[in-house]
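Throughout, numbering of the chain's residues begins at 1 and tracks the sequence.
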Amino acid sequence: MNVSQTIETEEDLLPCLHVKLYHPQQSSNSLYGLIPLGKRSKHPAEDPLRLGRDGQACTVALLDTRVSRKQLAIQAYYTPRSRDMLFRIQNLSQRAQLSVNSSALDYLEVVDLPDKALIRFGQYEMLIIRESGEAKASFEVEFEVLTVPPSRETCTCEPSVTPVSDTESLMVNSLLGELRIIGPSETDETAICYS
């Protein structure tokens, strides 16, 4: 097999990050005007994929003044124990906290991305899903806009207090430290997620 055949084979097997974006005001604003939506773009593995407001400093730019110039970076890497390309995410914003699957990251903190991760900053939610591949030098990124928050779809809402109706009575078992609700339950199912 010659070199050109090897390169073509690797390109067919590029790892891919599927990035699904959501913002509550995305329909009235052109927040994603600079993002290539719905098509895969190739990215060199040695360069971090940066997302933020600054189109010159970032690979992906959001048209939103509330987003930091450099909001976050995603870096590809390998370990000796795995043949898969893995990714880690870093918070580049000094003013905004970033959360990865509900774990908060402060400025310059880094965490490994699992195969499926819910990223939040400001009012943005990003669901990132990693698709494996065998190429070593590059990976692909595909952006898509969601019509509902991915936290609702993946049922990873922030913890909330379950509302109790007037007709319910509470019983506390002091020995077990349990709280049980007895009687009819009225809840807003769109606001509560169960894990």
Measure the spacing between CZ of R40 and NZ of K42 and express it to the nearest 0.5 Å.
13.0 Å
Could you measure the distance from the CG atom of L31 to the CG atom of D64? Nearest 0.5 Å is fine.
5.5 Å
Could you measure the distance from the CE atom of M126 to the CD atom of Q71? Nearest 0.5 Å is fine.
9.5 Å
For I129 and D115: C-alpha separation, side-chain torsions, deciding distance, then whether side-chain contact (heavy atoms from CB on, under 4.5 Å) applies.
CA-CA 6 Å; I129 301 169; D115 291 343; over 6 Å; no
For D84, is there any backbone N or O sitting under 3.5 Å from a side-chain donor or acceptor partner on S82?
yes
What I'd like to find out is whether the side chain of Q94 reaches to under 4.5 Å of the side chain of S68, using heavy atoms alone.
no
Going by heavy atoms in the side chains, are P114 and N101 under 4.5 Å from each other?
yes
According to a hydrophobic-cluster definition based on side-chain heavy atoms being under 4.5 Å apart (Ile, Leu, Val, Met, Phe, Trp, Tyr only), do V60 and L72 belong together?
yes
Counting only N and O atoms by type, is there a donor-acceptor contact under 3.5 Å from the side chain of R53 to the main-chain atoms of V67?
yes
For a 4.5 angstrom cut-off between non-hydrogen side-chain atoms, does T59 reach L51?
no
Hey, mind stepping through I74 and R88 against side-chain contact (heavy atoms from CB on, under 4.5 Å) and telling me if it holds?
CA-CA 6 Å; I74 298 173; R88 58 178 51 117; over 6 Å; no
Quick one, V141 and L49 - any side-chain contact, counting heavy atoms below 4.5 Å?
yes
L62 side, atom CG; F121 side, atom CZ - distance, nearest 0.5 Å
5.5 Å
Is there a side-chain contact between S99 and I119 in this structure, where contact means two heavy atoms from C-beta onward sitting under 4.5 Å apart?
no
Show the numbers, then the answer: is there a side-chain contact (heavy atoms from CB on, under 4.5 Å) between H43 and S41?
CA-CA 7 Å; H43 191 79; S41 57; over 6 Å; no
Heavy-atom nearest pair, S138 first then P15, reads O-CD, 3.6 Å
Looking only at non-hydrogen atoms, find the nearest pair between M85 and A45 and report the distance.
CE-CB, 3.9 Å
List the atom of L105, the atom of Q97, and the distance in Å for their closest heavy-atom pair.
O-CG, 3.6 Å
Do other residues, nucleotides or ligands put more than 12 heavy atoms under 6.0 Å from R83 CZ?
no
Does a side-chain heavy-atom distance below 4.5 Å link L118 with S151?
yes
Side-chain donor-acceptor distances from residues 17-26 under 3.5 Å, at least two apart:
from : atom 1 : to   : atom 2 : distance (Å)
H18  : ND1    : E142 : OE1    : 3.1
H18  : NE2    : E131 : OE1    : 2.6
K20  : NZ     : E144 : OE1    : 3.3
H23  : ND1    : Q25  : N      : 3.0
Q25  : OE1    : R66  : NH1    : 3.4
Q26  : OE1    : H23  : N      : 2.9
Q26  : OE1    : Y32  : OH     : 2.9
Q26  : NE2    : L146 : O      : 2.6

Pairwise distance SG(C58) to CG(L92) - rounded to 0.5 angstrom
7.5 Å
Distance-minimising heavy-atom pair for R69 and D54
NH1-OD2, 2.6 Å
Are any of the side-chain heavy atoms of L86 and D112 separated by less than 4.5 Å?
no
Side-chain contact, heavy-atom cut-off 4.5 Å: L34 with L63?
yes
Please list all pairs meeting ring-ring contact (aromatic ring centres under 6.0 Å, His included) that have one or both residues in residues 51-106, counting only residues at least two apart or in different chains.
F87-F139
Please report the shortest heavy-atom distance between N91 and D106, naming the atom on each side.
CB-O, 3.4 Å
How many angstroms lie between atom CD of Q75 and atom CD of Q90, to the nearest 0.5 angstrom?
9.0 Å
